[in-house]
**Student:** 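Here it is, the structure, as C-alpha cells.
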There are 2 protein chains.
Amino acid sequence: MKNKVTIKDIAKALGVSISTVSRALKDHPDISESTKTLIKNFAQEINYRPNVLALSLRQQKSHTIGLIIPEIVHHFFSSVISGMEDLSYREGYNIIICQSTENQFREAAALQTLIDHRVDGILISLSKSTQNFSQFKKAIEEGFPMVFFDRICESVETDRVIMDDTEGGRLATEYLIDKGCSNILHLAASSHLLIGRYRRDGYIQALKDHHLPIKEELILKCDTQEEVLTLQNHLYELLPQIDGVFAVNDSTAIALIQILKKKGYRIPQDIRVVGFGDGPNATIVEPALTTIEQKGYDMGRESVRLLLQRLNNPSASISYQTRVFPPTLKIRESA
Amino acid sequence: MKNKVTIKDIAKALGVSISTVSRALKDHPDISESTKTLIKNFAQEINYRPNVLALSLRQQKSHTIGLIIPEIVHHFFSSVISGMEDLSYREGYNIIICQSTENQFREAAALQTLIDHRVDGILISLSKSTQNFSQFKKAIEEGFPMVFFDRICESVETDRVIMDDTEGGRLATEYLIDKGCSNILHLAASSHLLIGRYRRDGYIQALKDHHLPIKEELILKCDTQEEVLTLQNHLYELLPQIDGVFAVNDSTAIALIQILKKKGYRIPQDIRVVGFGDGPNATIVEPALTTIEQKGYDMGRESVRLLLQRLNNPSASISYQTRVFPPTLKIRESA
DNA sequence: TTGTAAGCGTTATCAC
DNA sequence: GTGATAACGCTTACAA
C-alpha cells in the first residue's frame with residue numbers, strides 16, 4: 001500500500017478544490033469542459049488511481065464477493081471458481097476466496113471474515129462436516145445476500161444453484177439396470193451431505209422403478225479414494241455378489257476400478273461401474289469411465305449471476321430462486 | 001453490506017466517547033477494567049464487528065493479498081492456491097484471486113485492480129502470452145511487494161518461488177537414457193515461457209552429458225492435450241525413430257500415451273514416457289506415469305511466507321530471495 | 001481515566 | 001461552475 005496520489009494532491013497541484021477534482025473525474029455535468037480536461041489529463045499524467053477502500057467505505061459497497069469452498073484442489077470446485085471468476089471479472093467484481101477444508105469451524109470463521117470485510121454477497125458450498133446452519137440463517141435474515149451452490153442446505157431459504165442429483169443417481173443406476181445389472185453396489189457419501197443423500201435417493205428410485213430389491217448392505221459409505229483403500233477388504237467380500245457399481249463421485253469410481261482390475265475383474269464384462277462428475281480423469285482411466293456430467297464452470301457462472309441479480313435489485317422483492325442443472329450421462333466404456 | 005453496529009452506536013448507548021470504546025475494545029492499558037468489561041460485554045451482546053474497510057483505510061494496510069494465476073482449473077495451480085490460502089488464513093490475511101486465463105491483457109488489468117484494491121502484496125505466476133513486463137517492474141520499483149512463483153520472469157528483480165526446472169528436465173531425460181533410450185523426443189512448451197525453456201535445457205544437457213546428438217526435429221512445441229491431437233499425424237511420423245519421450249507436463253504425456261496405445265505401441269517396452277508435474281492423473285493412466293514431482297501446495301505456502309516476511313519487515317533491507325524446490329523423479333511404469 | 005478532534009480518501013449536500 | 005464541509009468507521013495524538 002504505497003504512497004499513492006490522491007484527489008487532494010491533484011487539487012493542490014492544480015489550485016482547485018477537492019470536490020472539483022472529484023466531480024471532474026467522474027464527468028459531472030456542472031464542471032466546465034476546460035477544467036475537466038485539465039484535471040483529467042493531469043490525473044492521467046501522474047497516474048492517479050482512486051482508492052477503492054475509501055470508495056467502498058463511502059458507498060457502503062465493496063464490489064467484492066466472498067467465496068467459501070470446501071477444497072480448491074478438486075476439479076469440480078476449481079472449475080466452479082473459474083466460472084465465478086470469469087463472470088465477476090466481467091461485471092467489475094472481485095472475489096475473496098476462503099476454503100473451509102471440509103471443516104465447519106473454519107467455515108464459520110470464513111463467513112465471519114467475509115462479513116467483516118463487507119463483501120457485497122457470499123457464495124458458498126458447505127463443508128461435509130457442517131451440521132449447524134444457524135449462522136447462515138442469521139446472516140440471511142439480516143439481509144446478507146448469499147447463494148448456495150452444489151452443497152446446499154435445505155433448511156436455509158436462499159438462492160441456490162444445484163444440479164438434479166436425484167435424477168443423476170437415477171440415470172446412472174437405470175443405465176446399469178438397462179445393461180442387465182441387478183445387484184448394484186452404491187458407494188455413497190455421508191447421508192447428511194445433501195448431494196450424497198439425493199444421489200442415493202436416485203439410486204433407490206431406479207431400483208424401485210425396476211422392481212429390484214433394495215439391499216441396505218449394498219449401500220456403503222465410501223466417497224473418497226482413501227476410503228476405497230481402507231474398505232478394500234470389505235469391498236472384496238461384497239464383489240462376488242454384485243454386477244454393477246454406482247459411485248457417488250469419479251475419484252471413488254476410479255479408485256474402485258483400480259482395485260477391481262487388480263483382483264482380475266474385467267470391466268464392464270464382470271462388473272459395470274458408473275461415476276459422477278466427469279472430471280478429466282474419467283477419460284484417462286481404463287476403461288474410460290461412464291459418468292454423470294457436472295457442469296462446474298457453468299454452475300459457478302450461474303451462482304454469480306444469481307448473486308449479482310440480487311445485488312442489483314436490492315428492492316429484494318425477487319423471491320428466492322433455485323437453478324437446477326439437469327444431469328447428463330456420459331457413456332464411455334466402464335458400463 | 002448491512003446496517004451494522006459501529007463503535008459510535010456503542011458509545012452512544014453506553015454514554016461514553018467513541019475513543020473510549022475504541023480503546024476498550026483493543027485492551028488499551030489506559031482504560032479502567034470496569035469500563036473495559038462494560039464495553040466489551042455490550043459489544044459482544046449486540047454482536048459488534050469492526051469494519052475492516054475503515055481499518056484498512058485508516059491503517060494503510062488491507063491485510064489482503066492479491067493473486068494472479070493463469071488458470072485455476074489446472075491441478076498444479078489449484079494446489080498452489082490451496083497452500084496459499086491455508087497459510088494466509090493462519091496469518092490473518094485474505095486472498096483476492098484473479099485469473100489471467102493466459103491472456104496478458106487480462107493479466108495487466110488484474111494487476112491494476114489489485115493495486116487499486118490496496119492489497120498489501122501480490123503473488124503472481126505469469127500467463128503464457130506475457131512478453132512485456134514493464135508494468136511489473138514499475139510496480140516493484142514503486143515498492144509494491146510482489147512474489148513471482150513458477151512462471152517467473154528473470155528480468156524482474158523480486159522474490160521468487162520456483163522449482164529447478166532445468167534439473168527436472170535433466171533428471172527425466174537422464175532416466176530415459178539410463179533405461180537405454182537414445183532417440184528421445186521432447187514435447188516442449190513455447191520457448192519464451194521460462195519454465196518451458198529450462199525443462200528443455202535440462203533435456204539438452206542430459207543428452208550432452210551422455211554424448212548423445214541433439215536433434216532439433218526431436219524438440220516439438222506441444223504442451224497441451226489438444227496440441228497432441230492436432231499434431232497427431234506428425235507425431236506418428238516421428239515415432240518409428242524414437243524410443244523415449246520427455247513431455248513438458250503430465251497432461252501432454254498422458255495424451256501422448258493414449259495415442260501411442262491406440263497405434264499399438266507398448267509402453268514402456270517400445271517407447272518410454274516421462275512427464276512433469278505428478279498430478280492425480282499420473283497414477284490413473286496405464287501404465288502409471290513416471291514423472292517429475294512438482295510440489296504445488298508447498299510452493300504456494302512458500303510464496304506466501306516470502307511475501308509476509310517482506311510485509312512484516314518493511315525496512316526493506318532484505319535482499320530478494322529465490323526459493324528453489326528440488327525436483328524428484330517419481331518412478332512408475334511408463335519409463 | 002476519558003474525551004476531543006484530526007485524518008485515512010472519497011462523495012454528496014449545501015452554499016456562493 | 002466551483003468550493004466548503006460533513007460523513008463513511010475507525011485510530012490516535014493531544015487535552016482535560
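Below, chains carry the letters A, B, ... as their sequence lines are ordered, and counting in each starts from 1.
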**Student:** Which whole-number value in Å describes the distance from B:Y48 OH to D:dG9 C1'?
**Tutor:** 7 Å
**Student:** Rounded to the Å, how far apart are A:L55 CG and C:dC8 P?
**Tutor:** 16 Å
**Student:** Which residue in the set A:D150, A:L87, A:L67, A:V161 passes side-chain contact (heavy atoms from CB on, under 4.5 Å) when paired with A:S303?
**Tutor:** A:V161
**Student:** Expressed as a whole number of angstroms, how long is the span from B:K4:NZ to D:dC8:P?
**Tutor:** 17 Å
**Student:** Assert yes or no for the condition that the ring centre distance of B:Y48 to B:F42 is strictly below 6.0 Å.
**Tutor:** no
**Student:** Considering just the side-chain nitrogens and oxygens of B:Q60, establish if one lies under 4.0 Å of OP1 or OP2 belonging to C:dG9.
**Tutor:** yes
**Student:** Quickly work out the B:L53 CG to D:dA7 C1' distance and round it to whole Å.
**Tutor:** 15 Å
**Student:** Show, in sequence, the C-alpha distance, side-chain angles and deciding distance for A:K61 and A:D120, and conclude whether the salt bridge (charged side-chain N to carboxylate O under 4.0 Å, His left out) test is met.
**Tutor:** CA-CA 6 Å; A:K61 177 129 181 48; A:D120 294 334; 2.9 Å; yes
**Student:** Starting at NZ of A:K61 and ending at C1' of C:dT10, how long is that distance when rounded to a whole Å?
**Tutor:** 17 Å
**Student:** According to side-chain hydrogen bond (donor to acceptor under 3.5 Å, both in side chains), does anything in residues 68-82 of chain A pair up with another residue at least two apart or in another chain? List the pairs.
**Tutor:** A:S82-B:Q99
**Student:** Do B:D30 and B:R23 sit within salt-bridge range, that is, some charged N less than 4.0 Å from a carboxylate O?
**Tutor:** no
**Student:** Within this structure, what is the CG-to-P distance between B:L57 and D:dC10, rounded to whole angstrom?
**Tutor:** 12 Å
**Student:** Taking all heavy atoms of B:L111 and all of B:Q135, pick out the closest pair and write down the distance.
**Tutor:** CD2-OE1, 3.5 Å
**Student:** Starting at CG of B:D30 and ending at P of C:dG3, how long is that distance when rounded to a whole Å?
**Tutor:** 13 Å
**Student:** Can you tell me how far CD1 of B:I46 sits from CG of B:D9, rounded to the nearest 0.5 angstrom?
**Tutor:** 6.5 Å
**Student:** How would you list all residue pairs meeting salt bridge (charged side-chain N to carboxylate O under 4.0 Å, His left out) that involve residues 131-140 of chain A, not counting sequence neighbours?
**Tutor:** none
**Student:** Please, which pairs that meet salt bridge (charged side-chain N to carboxylate O under 4.0 Å, His left out) have at least one residue in residues 103-112 of chain B, sequence neighbours excluded?
**Tutor:** A:E85-B:R106, A:D86-B:R106
**Student:** Under 4.0 Å from any atom of DNA chain D, heavy atoms only: list the residues of residues 31-42 of chain B that qualify, in numerical order.
**Tutor:** none
**Student:** Using whole Å, report how far CZ of B:R49 lies from P of D:dC10.
**Tutor:** 11 Å
**Student:** Within residues 17-28 of chain B, which residues have any heavy atom lying less than 4.0 Å from an atom of DNA chain C?
**Tutor:** B:S17, B:S19, B:T20, B:R23
**Student:** Specify the residues of residues 6-14 of chain B, ordered by number, for which at least one heavy atom lies under 4.0 angstrom from an atom of DNA chain D.
**Tutor:** B:T6, B:I7, B:K8
**Student:** Apply the side-chain contact (heavy atoms from CB on, under 4.5 Å) test between B:D116 and each candidate in A:L55, A:N51, A:V52; give the one that qualifies.
**Tutor:** A:V52
**Student:** State, with a plain yes or no, whether a side-chain heavy atom of A:I122 is found less than 4.5 Å away from one of A:F144.
**Tutor:** yes
